[in-house]
Amino acid sequence: MAFWLFKSEPSTWSWEDQLAKGDVGEEWDGIRNYQARNHMRTMKIGDKGFFYHSQKDKEIVGIVEVCAEVHPDSTTDDERWECVDIKAVAPLNAPVTLAQVKAEPRLADMVLANNTRLSVQPVTPAEWDIILELSGG
DNA sequence: GCCAACGTTGGC
DNA sequence: GCCAACGTTGGC
């Protein structure tokens with residue numbers, strides 16, 4: 001199983017919106033970036049991801065799970081763009097802020113701290129555990 | 001609100 | 001195929 005991080009601006013699609021969808025989940029649509037799409041192409045059902053609020057909050061707020069593998073993005077006719085579906089699993093005990101991530105030496109190489117614009121990112125198992133640790137376990 | 005980083009587009 | 005111009009994202 002692989003780990004990922006999904007970035008969203010809360011005014012567009014928030015963790016609360018995601019939670020409201022329950023186990024049905026929701027298309028992670030609107031991605032118009034090849035790197036992000038390529039990551040989604042490699043995702044499998046059951047992969048876990050962090051849900052990150054960009055812009056105002058800048059913090060990881062919850063855990064999601066891939067519940068449908070890659071398929072065409074329903075928000076466009078352009079066949080280049082595909083996406084997966086994700087569903088909320090649980091909120092973090094406490095949100096982990098970008099500042100916390102940047103202050104943690106073991107997370108110095110995390111994509112979140114280095115490539116601010118990539119909206120779908122891979123997370124290593126080690127990084128996953130450290131984030132959970134920072135959130136209070 | 002500004003600006004840096006980065007990706008995409010389009011002219012040549 | 002290169003590269004300048006432009007648009008978008010997201011941190012500060």
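So you know, we letter chains A, B, ... as the sequences are listed, proteins then strands, and number each from 1.
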Pair Asp73(A)-Thr76(A), side-chain donor/acceptor within less than 3.5 Å: no
Under 4.0 angstrom, heavy atoms only, what part of the nucleic acid is Leu118(A) near: base, sugar-phosphate, or nothing? nothing
Less than 6.0 Å separating the ring centroids of Phe50(A) and Trp4(A)? no
Looking across every strand, which nucleic acid part, if any, lies under 4.0 Å from Lys102(A) by heavy atom: base, sugar-phosphate, or nothing? sugar-phosphate
Walk me through it: do Trp15(A) and Val64(A) pass the test side-chain contact (heavy atoms from CB on, under 4.5 Å)? CA-CA 10 Å; Trp15(A) 172 245; Val64(A) 295; 3.7 Å; yes
Of Asn114(A) and Gln55(A), the one whose closest nucleotide on DNA chain B sits nearer the 5' end is Gln55(A)
Counted 5' to 3', the first and last nucleotides of DNA chain C within 4.0 Å (strictly under) of a heavy-atom of chain A are dG7(C) to dC12(C)
Considering all heavy atoms, the nearest His53(A)-Pro10(A) contact: CG-CG, 3.6 Å
Just call it for Glu9(A): base, sugar-phosphate, or nothing, with non-hydrogen atoms closer than 4.0 Å on any strand. nothing
Asp109(A) atom CG, over 12 foreign heavy atoms within 6.0 Å: no
Relative to the 5' end of DNA chain B, which residue comes earlier, Asn115(A) or Arg80(A), by the nucleotide with the nearest heavy atom? Asn115(A)
Ring pair (Phe, Tyr, Trp, His ring centres under 6.0 Å) with Tyr52(A): which residues, sequence neighbours excluded? none
